[in-house]
There are 2 protein chains.
Amino acid sequence: MTDPALERALKALASARRLQILEWLKDPVGHFPPQEHGDPIEHGACNMYITDKLGVSQPAASRHMKVLLDAGLVIATPRAGYVYYRRNESAIDRLKEDVADV
Amino acid sequence: MTDPALERALKALASARRLQILEWLKDPVGHFPPQEHGDPIEHGACNMYITDKLGVSQPAASRHMKVLLDAGLVIATPRAGYVYYRRNESAIDRLKEDVADV
DNA sequence: CACCTGAATAACGAGTTAGTTATAGAGATA
DNA sequence: TATCTCTATAACTAACTCGTTATTCAGGTG
């Protein structure tokens, strides 16, 4: 019947906070301070900056990132004690195709 | 920031039941029994048939339809004591465009 | 007008989400 | 090894979702 992965991805999207995060991750350099360790283009934005910008507690931000991660919409790269997040464009494209069939 | 209408539409979509309903409404004639009063093409499917096919209680089905209606994704037509539902294709298309920008 | 039927609402319970603070865990550095 | 910092998890609360049954509302029919 309906793909459970699609439902999970839609639930992940159906949040202003998480839509905002994905929007920021389109352009990490433009939306976050310069970061020393991870390349913002290759590995994405540092989780600390995302947390700060979200304006919620660190655990709340952590859970939002986990929802996006579990839905496959972002990719996490741990590096030098930090975690960097970037968009999973192929998964996002797949979701867009599925929505286009609605 | 993020459009509240987009969030509402995504929340409406993020349900296997409601995705299923929208799928059925693509082809009312193919998915529901013939109905005497409302033209299935013009006005959509009779709410009773949707309720039956969903396999949940009448109030549960009623709430699902209300979520879709409040999100603007379907159009309701009361007629001869029944309510007929059809897809709001222009709203659905708008949603698809918004998702394409994610 | 009275009745009948379909749809909507009320009221409840279980499960989930989203926030909090506090704590544990893991990795890098000194 | 010891420490320090960032991330993840635990525990709790408030609010929302989704199902139920019971009831009310409203239109159409006799």
Side-chain angles (χ1 to χ4, degrees), chain A residues 1-2 4 7-22 25 32-33 35-38 40 43-71 73-86, chain B residues 1-2 4 7-22 25 32-33 35-38 40 43-71 73-86:
Chain A
M1 201 96 339
T2 307
E7 188 181 356
R8 189 164 27 142
L10 284 171
K11 284 184 193 300
L13 263 202
S15 150
R17 286 254 152 79
R18 293 189 290 267
L19 284 169
Q20 177 71 84
I21 294 167
L22 289 176
L25 291 184
F32 299 103
Q35 56 199 34
E36 49 270 33
H37 290 94
H43 301 113
C46 178
N47 181 52
M48 284 196 61
Y49 295 151
I50 300 172
T51 300
D52 285 353
K53 206 161 186 175
L54 265 185
V56 296
S57 65
Q58 177 267 319
S62 178
R63 193 143 28 78
H64 279 300
M65 296 316 297
K66 181 168 168 46
V67 170
L68 289 171
L69 193 63
D70 289 347
L73 300 180
V74 299
I75 297 168
T77 304
R79 195 181 186 88
Y82 297 81
V83 177
Y84 297 86
Y85 286 102
R86 66 183 186 278
Chain B
M1 198 90 349
T2 307
E7 188 181 356
R8 188 163 26 140
L10 284 170
K11 284 185 192 300
L13 263 201
S15 150
R17 286 254 153 78
R18 293 189 290 266
L19 285 170
Q20 176 70 85
I21 293 168
L22 289 176
L25 291 184
F32 299 103
Q35 55 200 34
E36 49 269 34
H37 289 95
H43 301 114
C46 178
N47 181 53
M48 283 196 61
Y49 294 152
I50 300 173
T51 300
D52 285 352
K53 205 160 188 175
L54 267 184
V56 296
S57 64
Q58 177 266 319
S62 178
R63 193 143 26 80
H64 280 300
M65 296 317 296
K66 180 168 169 46
V67 170
L68 289 170
L69 193 62
D70 290 347
L73 300 180
V74 299
I75 296 168
T77 303
R79 194 181 186 87
Y82 297 81
V83 178
Y84 295 86
Y85 287 102
R86 65 182 187 279

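In the text below, chain A, chain B and the rest are named by the order of the sequence lines, each starting its count at 1.
For V83(A), whose side chain is taken as the heavy atoms from C-beta onward, the closest listed nucleotide among dA8(C), dT7(D), dG6(C) is dT7(D). Picking from dT9(C), dT7(D), dG19(C) the nucleotide with the shortest atom distance to the side chain of V56(A) gives dG19(C). In the set dC6(D), dT20(D), dT20(C), the nucleotide with an atom closest to the side chain of M48(A) is dC6(D).
Going from atom CZ of R63(A) over to atom P of dT21(C) covers 13 Å, rounded to whole Å. Between K11(B) atom NZ and dC18(D) atom C1' the separation is 15 Å, expressed in whole Å. The NE2 atom of H64(B) sits 16 Å away from the P atom of dT9(C) (whole-angstrom rounding). For the pair L69(A) CG and dA8(D) C1', the interatomic distance rounds to 12 Å; values are reported in whole Å. Rounded to an integer number of Å, the gap from CG of D70(A) to C1' of dT17(C) is 14 Å. Nucleotide dA18(C) holds its P atom 12 Å from the CG atom of L54(A), rounded to whole Å. Atom OH of Y82(B) and atom P of dC4(C) are 16 Å apart (whole Å). Atom C1' of nucleotide dG6(C) and atom CG of N47(B) are separated by 8 Å, given to the nearest angstrom.
Taking the nucleotide of DNA chain C with the nearest heavy atom to each of R18(A) and Q58(A), the more 5' of the two is matched to R18(A). When the nearest nucleotides of DNA chain C are assigned to P59(A) and P59(B) by heavy-atom distance, the more 5′-ward of the two goes with P59(B).
Between the R17(B) side chain and the A61(B) main chain, no donor and acceptor come within less than 3.5 Å of each other.
If you check every strand for non-hydrogen atoms under 4.0 Å, A80(A) touches sugar and phosphate atoms only.
In this model, the phosphate group of dG19(D) is approached by a side-chain N or O of R17(B) to a distance below 4.0 Å at OP1 or OP2.
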